[in-house]
Amino acid sequence: MPWPCIPFENDSKETLARKYETEGIPHLVVVDENGKVITKDGVDGVFSDESAEYYPWRPKRLCDLWPMKILTKGGLVDSSTLDDKYLMLYFSAHWCPPCRDSIPFLSEAYTKLKAKRDDFEVSCGIFKACLVII
């Protein structure tokens, strides 16, 4: 191999594998100079970016993934209405019984939190249905 390696018999490899939650092989974790994870998906980066143009393959920021418009009870609104708020992303599926069962609890928690503070919102990505803000 053209790069430095930890010897197989060295226990550090197990400690590092646990620290960076590696599962399966091959697995490539990219860390910065302080050991902070940049991506746990380095293998995908290598295969999808052979020229390393986008190295160190940082995950896209939420603002790069988030739509310009969101659906609320009142209809489509500009996503800037969520600026300066904490955002909780809830993903579920209409066909999933535990997902359906959790909605009343999430709704109740949302109502209680909203009565105490206004600096957050919950966004639900309902698979096979629609994106809603409850």
Side-chain angles (χ1 to χ4, degrees):
M1 285 186 220
W3 52 78
C5 297
I6 297 172
F8 183 76
E9 54 281 342
N10 188 303
D11 290 339
S12 295
K13 69 180 181 351
E14 297 298 327
T15 303
L16 289 167
R18 278 192 304 278
K19 176 178 175 58
Y20 293 112
E21 300 172 345
T22 62
E23 293 182 15
I25 52 175
H27 199 104
L28 178 63
V29 178
V30 180
V31 297
D32 67 14
E33 66 278 0
N34 297 312
K36 184 178 176 192
V37 174
I38 294 173
T39 184
K40 292 183 181 184
D41 230 356
V43 170
D44 184 54
V46 168
F47 288 119
S48 65
D49 182 26
E50 292 178 22
S51 65
E53 181 179 347
Y54 300 104
Y55 178 81
W57 309 300
R58 293 183 189 280
K60 290 184 178 180
R61 301 171 304 163
L62 179 60
C63 65
D64 295 331
L65 301 170
W66 197 251
M68 297 301 288
K69 298 280 184 184
I70 54 172
L71 184 62
T72 67
K73 289 179 183 177
L76 281 175
V77 297
D78 193 88
S79 63
S80 65
T81 60
L82 299 175
D83 287 354
D84 300 321
K85 292 190 177 194
Y86 294 98
L87 187 60
M88 294 181 271
L89 302 176
Y90 175 69
F91 295 91
S92 68
H94 72 285
W95 46 261
C96 170
C99 297
R100 286 194 312 264
D101 293 346
S102 69
I103 298 271
F105 297 102
L106 179 61
S107 183
E108 183 180 340
Y110 174 86
T111 302
K112 288 178 181 176
L113 281 168
K114 208 60 165 168
K116 294 180 182 179
R117 52 190 305 162
D118 197 36
D119 62 345
F120 77 97
E121 202 56 74
V122 176
S123 175
C124 297
I126 310 288
F127 298 111
K128 304 263 184 181
C130 62
L131 176 71
V132 295
I133 302 288
I134 60 170

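In what follows, residues are counted from 1 in the order of the sequence shown. Only heavy atoms go into these numbers, but all of them, side chains included; no hydrogens, no water, no symmetry mates.
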Heavy-atom check, side chain of I6 versus side chain of L16, under 4.5 Å: yes
Nonpolar side-chain network containing F105, other nodes, edges under 4.5 Å: none
D84: partners by salt bridge (charged side-chain N to carboxylate O under 4.0 Å, His left out), with sequence neighbours left out: none
I25 reachable from Y20 in the ILVMFWY side-chain graph, under 4.5 Å edges: no
Side-chain donor or acceptor of N34 paired with backbone N/O of K36 under 3.5 Å: no
Gap between atom SG of C99 and atom OH of Y90 - 0.5 Å precision: 5.0 Å
Greater than 12 external heavy atoms within 6.0 Å of D32's CG: yes
T39 (side chain) donor-acceptor with P59 (main chain) under 3.5 angstrom: no
K13 NZ/CZ over F8 ring centroid, <6.0 Å and within 45° of normal: yes
Shortest non-hydrogen contact between T22 and H27, atoms and distance: CG2-CD2, 3.5 Å
Transitive ILVMFWY cluster of F47, excluding itself - 4.5 Å side-chain cut-off: L28, V30, I38, V43, V46, Y54, Y55, W57
Counterpart residues, salt bridge (charged side-chain N to carboxylate O under 4.0 Å, His left out), relative to K85 (two or more places apart): none
Between CE on residue M68 and CG on residue D78, distance to nearest 0.5 Å: 6.0 Å
Non-hydrogen atoms of P67 and S79 that approach each other most closely: O-OG, 3.1 Å
Contacts of E108 that satisfy side chain to side chain donor-acceptor pair (under 3.5 Å) - sequence neighbours left out: K112
Minimal non-hydrogen separation, K60 against L65, with atom names: CD-CD2, 3.7 Å
Heavy-atom closest contact (P104 atom, D101 atom, distance): CD-O, 3.3 Å
Atom CZ of R58: over 12 foreign heavy atoms under 6.0 Å: no
Under the side-chain contact (heavy atoms from CB on, under 4.5 Å) test, residues paired with D119 that sit two or more places apart: Y86, R117
Main-chain N/O of I103 paired with S107 side-chain donor or acceptor, under 3.5 Å: no
